[in-house]
K.L.:
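Pasting a structure here, questions to come.
The chains referred to below are lettered A, B, ... by the order of the sequence lines, with proteins before strands, and numbering in each begins at 1. All figures in this text were calculated on a predicted structure; none of them were measured in a lab.
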There are 2 protein chains.
Amino acid sequence: MTTVASTPDMSERRYRDSSDKTLADYPRPSVAVDTAVLTLDEQQGLVVLQVRRPNADGWALPGTFLHEGETLAMAVARSLQVKANVEGLLPRQLHVFDALDRDPRGWVLSVAHVDVVQPARLEERFAASTRLMPVRAPGRLPFDHPEIVRRAVEYLQSRYADRPDPDRLLGEEFTILQLRRAHEQIAGRPLQRDWFRRTMEPQLEPTGQLASGARGRPAELFHRREPGS
Amino acid sequence: MTTVASTPDMSERRYRDSSDKTLADYPRPSVAVDTAVLTLDEQQGLVVLQVRRPNADGWALPGTFLHEGETLAMAVARSLQVKANVEGLLPRQLHVFDALDRDPRGWVLSVAHVDVVQPARLEERFAASTRLMPVRAPGRLPFDHPEIVRRAVEYLQSRYADRPDPDRLLGEEFTILQLRRAHEQIAGRPLQRDWFRRTMEPQLEPTGQLASGARGRPAELFHRREPGS
DNA sequence: GAAATAGTGTCTTTGAGACAGTATATC
DNA sequence: GATATACTGTCTCAAAGACACTATTTC
């Protein structure tokens with residue numbers, strides 16, 4: 001281990017030692033973000049947003065390189081805005097992919113994210129260059145993107161395990177059946193009717209109104225319990 | 001959004017588009033790794049490894065900058081080897097800290113890791129420049145390091161929730177009381193005697209031997225169930 | 001024998017699952 | 001009234017918690 005002479009114009013060198021040179025001495029990796037934007041689609045269930053790969057065939061998750069002065073969350077928001085015209089909400093980190101040969105462009109770390117957005121936020125998305133694909137059949141995706149989708153779904157499943165629609169994928173009012181259908185799409189399996197009602201109803205506020213239009217006895221409409229009640 | 005002219009000598013430009021320029025066009029962040037190395041100490045319980053801050057007062061978690069040709073796991077292993085003379089095992093990512101002003105040296109992303117190592121691996125550590133501190137009173141730590149310790153402990157707790165010592169912090173043979181004491185150090189709270197035995201015993205193999213030296217009826221010694229039995 | 005720890009048996013409580021019964025709408 | 005769906009009551013079962021009892025050692 002050789003000690004490298006310090007760069008004289010570095011103003012802050014407190015952390016240097018024989019194994020930890022100054023900031024400027026090393027080649028730096030590019031850092032990218034890739035995001036699995038998840039939402040619930042009326043027809044397709046749980047879907048993930050994809051964008052056309054520029055100058056390449058096929059589709060990919062939206063992503064971009066991290067710019068100077070940006071946090072990861074800002075880069076995620078920018079990539080969604082620019083590539084898909086979608087306003088993200090609260091991106092959450094999933095994993096850093098760092099295999100040395102993962103990107104033919106060179107040394108690129110990719111920080112995978114998940115962002116759960118309400119369906120309405122995807123209505124204005126670029127029609128020609130974006131698509132929504134079911135998470136269980138997302139089509140052919142490059143790089144680590146299939147793994148990102150897998151981790152994103154896993155995250156959403158744990159988030160929805162015992163709370164009623166925490167990310168407001170449904171509207172403000174819904175019946176317990178509608179809520180259960182949404183949770184079943186996310187869980188990827190049928191949920192028990194009895195257990196579901198007993199778990200969710202105490203966390204909901206009845207509106208006093210009834211749903212209409214369906215066959216059978218009309219169901220009561222609920223909304224989410226407001227914070228602080 | 002302006003399109004930037006491509007750099008002619010880039011061999012790989014398939015991914016370029018108006019918002020996603022070539023690799024070389026952007027300033028890149030430095031990427032660091034910081035690691036909470038956890039182990040069980042006979043006296044202090046669950047402890048975290050700290051190293052003296054070079055050219056600064058106080059202590060910090062071991063870390064280093066990512067070098068070219070290295071994965072994050074390799075950088076973690078190197079930082080533990082060089083800074084503490086400790087051989088790490090299986091670092092796991094916790095979080096990327098990316099606040100713009102988090103490091104006075106400049107633009108530095110830090111990927112926080114946790115690594116659980118057997119106490120024996122820490123015996124040869126540098127005596128003068130390292131120390132082990134209880135995770136619940138780790139002393140004054142810089143940057144995001146207290147948060148890293150918090151997340152590391154949370155990770156370990158979920159890992160130890162219902163499996164007998166998955167990271168082999170105990171020796172090969174142990175009594176159920178020794179196992180429970182270790183799990184209690186990690187959980188940070190007393191665990192119920194009845195439930196603990198009922199949960200763990202089916203996952204253990206009796207050795208047929210008995211512990212000796214203590215007061216009271218000697219306890220049976222167990223070892224971990226070998227894979228495939 | 002007293003004290004301490006190991007190990008076992010079992011009662012209670014809790015929550016999930018199963019299922020049947022009642023309520024209220026559409027057709 | 002037939003059918004469909006919403007809602008409620010309750011039995012069963014499994015696991016956690018609590019607690020008591022027996023077993024076997026040291027002192």
Side-chain angles (χ1 to χ4, degrees), chain A residues 40 42 45 157-166 170-225, chain B residues 40 42-43 45 157-166 169-225:
Chain A
L40 271 182
E42 195 81 17
Q157 286 174 348
S158 77
R159 214 174 139 69
Y160 270 66
D162 50 10
R163 275 173 299 182
D165 192 23
L170 295 172
E172 284 310 298
E173 301 189 345
F174 43 80
T175 66
I176 292 198
L177 179 59
Q178 289 169 332
L179 183 67
R180 181 158 57 89
R181 294 273 178 259
H183 278 250
E184 284 177 339
Q185 297 285 9
I186 289 167
R189 60 187 172 88
L191 299 175
Q192 218 220 353
R193 203 173 70 114
D194 310 62
W195 169 86
F196 189 82
R197 171 179 284 272
R198 274 197 293 248
T199 305
M200 297 303 175
E201 196 173 341
Q203 306 183 54
L204 296 171
E205 202 82 53
T207 63
Q209 292 185 309
L210 297 180
S212 61
R215 277 172 305 188
R217 174 174 167 180
E220 191 166 12
L221 284 168
F222 292 84
H223 54 70
R224 297 173 190 81
R225 193 177 290 284
Chain B
L40 271 182
E42 195 82 15
Q43 279 80 43
Q157 286 174 348
S158 76
R159 214 173 139 68
Y160 271 66
D162 50 10
R163 273 172 299 181
D165 190 24
L169 290 173
L170 295 173
E172 284 309 299
E173 300 190 345
F174 43 81
T175 67
I176 291 199
L177 178 60
Q178 289 170 332
L179 183 67
R180 181 157 58 89
R181 294 273 178 259
H183 278 251
E184 284 176 341
Q185 297 285 9
I186 289 167
R189 61 187 172 86
L191 299 176
Q192 219 219 351
R193 200 175 70 114
D194 313 62
W195 170 86
F196 189 82
R197 171 179 284 272
R198 275 197 293 250
T199 305
M200 298 302 175
E201 196 173 341
Q203 305 183 54
L204 296 172
E205 202 83 50
T207 63
Q209 292 186 309
L210 298 179
S212 62
R215 278 173 303 188
R217 172 174 169 179
E220 190 165 13
L221 285 168
F222 292 84
H223 55 70
R224 297 173 190 81
R225 193 177 290 285

K.L.:
How many Å lie between CG on A:Leu204 and P on D:dA6, as a whole number?
P.N.:
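Nearest whole value for this atom pair: 15 Å.
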
K.L.:
Apply salt bridge (Lys or Arg N to Asp or Glu O under 4.0 Å) to B:Arg159 and list each qualifying residue two or more places apart in sequence or on a separate chain.
P.N.:
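B:Arg159: salt bridge (Lys or Arg N to Asp or Glu O under 4.0 Å) contacts with B:Asp167.
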
K.L.:
Partners of B:Thr199 by side chain to side chain donor-acceptor pair (under 3.5 Å), sequence neighbours excluded?
P.N.:
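Checked B:Thr199 against side chain to side chain donor-acceptor pair (under 3.5 Å); matches are B:Trp195.
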
K.L.:
Return the minimal non-hydrogen interatomic distance between B:Pro218 and B:Ala211, and the atom names on each side.
P.N.:
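Of all heavy-atom pairs spanning B:Pro218 and B:Ala211, the closest is CB-O, 3.0 Å.
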
K.L.:
What nitrogen or oxygen pairs link the protein and nucleotides 1-3 of chain D at under 3.5 Å?
P.N.:
none

K.L.:
Search all heavy atoms of A:Arg197 against all heavy atoms of A:Pro202 and return the closest pair with its distance.
P.N.:
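For A:Arg197 and A:Pro202, the tightest heavy-atom pair comes out as O-CD, 4.1 Å.
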
K.L.:
Under 3.5 Å, sequence neighbours excluded: what are the donor-acceptor pairs made by side chains of residues 181-188 of chain B?
P.N.:
unit_1, atom_1, unit_2, atom_2, d
B:Arg181, NH1, B:Glu184, OE1, 3.3
B:His183, ND1, B:Tyr160, O, 3.2
B:His183, NE2, B:Arg163, O, 3.4
B:His183, NE2, B:Asp165, N, 3.1
B:Glu184, OE2, B:Arg180, NH1, 3.3
B:Glu184, OE2, B:Leu191, N, 2.8

K.L.:
Considering only heavy atoms from C-beta outward, does the side chain of B:Leu204 approach that of B:His223 to under 4.5 Å?
P.N.:
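No - every pair of side-chain heavy atoms lies 4.5 Å or more apart.
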
K.L.:
Please enumerate all residues that pass salt bridge (Lys or Arg N to Asp or Glu O under 4.0 Å) together with A:Glu42, with sequence neighbours excluded.
P.N.:
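Once residues adjacent in sequence are excluded, A:Glu42 has no partner under the salt bridge (Lys or Arg N to Asp or Glu O under 4.0 Å) criterion.
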
K.L.:
Report which part of the nucleic acid B:Ile176 touches: base, sugar-phosphate, or nothing (heavy-atom distance under 4.0 Å, all strands).
P.N.:
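Nothing, no nucleic acid heavy atom in range.
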
K.L.:
For A:Gln209 and D:dA6, what is the distance between atoms CD and P respectively, to the nearest whole Å?
P.N.:
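Answer to the nearest Å: 17 Å.
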
K.L.:
What is the per-nucleotide protein-contact pattern of nucleotides 17-27 of chain C, from the 5' end, where B denotes a base atom under 4.0 Å from a protein heavy atom, S denotes such proximity for sugar-phosphate atoms only, and - denotes neither?
P.N.:
BBB---BBBS-

K.L.:
Could you tell me which non-hydrogen atom of A:Met200 sits nearest to which non-hydrogen atom of A:Asp162, and how far apart they are?
P.N.:
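Shortest heavy-atom separation between A:Met200 and A:Asp162 comes out as CE-C, 3.9 Å.
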
K.L.:
Whole angstroms only, please: what is the CG-P distance between B:Asp162 and D:dA15?
P.N.:
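Roughly 13 Å, once rounded to whole Å.
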
K.L.:
When the distance from CZ of B:Phe196 to C1' of C:dT8 is rounded to whole Å, what number comes out?
P.N.:
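Taking CZ of B:Phe196 and C1' of C:dT8, I get 18 Å after rounding.
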
K.L.:
Measure from CE on B:Met200 to C1' on C:dA6 and round the result to the nearest Å.
P.N.:
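Atom CE in B:Met200 sits about 18 Å away from atom C1' in C:dA6.
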
K.L.:
Going by heavy atoms in the side chains, are B:Phe174 and B:Arg224 under 4.5 Å from each other?
P.N.:
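Answer yes - side chains close enough.
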
K.L.:
Using whole Å, what does the distance between atom C1' of nucleotide D:dT5 and atom CD of A:Glu220 come to?
P.N.:
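So the CD-C1' distance, A:Glu220 to D:dT5, works out to 15 Å.
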
K.L.:
Can you tell me the distance, in whole Å, between the CZ atom of A:Arg197 and the C1' atom of D:dT10?
P.N.:
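It works out to 16 Å between those atoms.
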
K.L.:
Atom CD of A:Glu201 to atom C1' of D:dT8: distance rounded to whole Å?
P.N.:
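Rounded to whole Å, this separation is 10 Å.
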
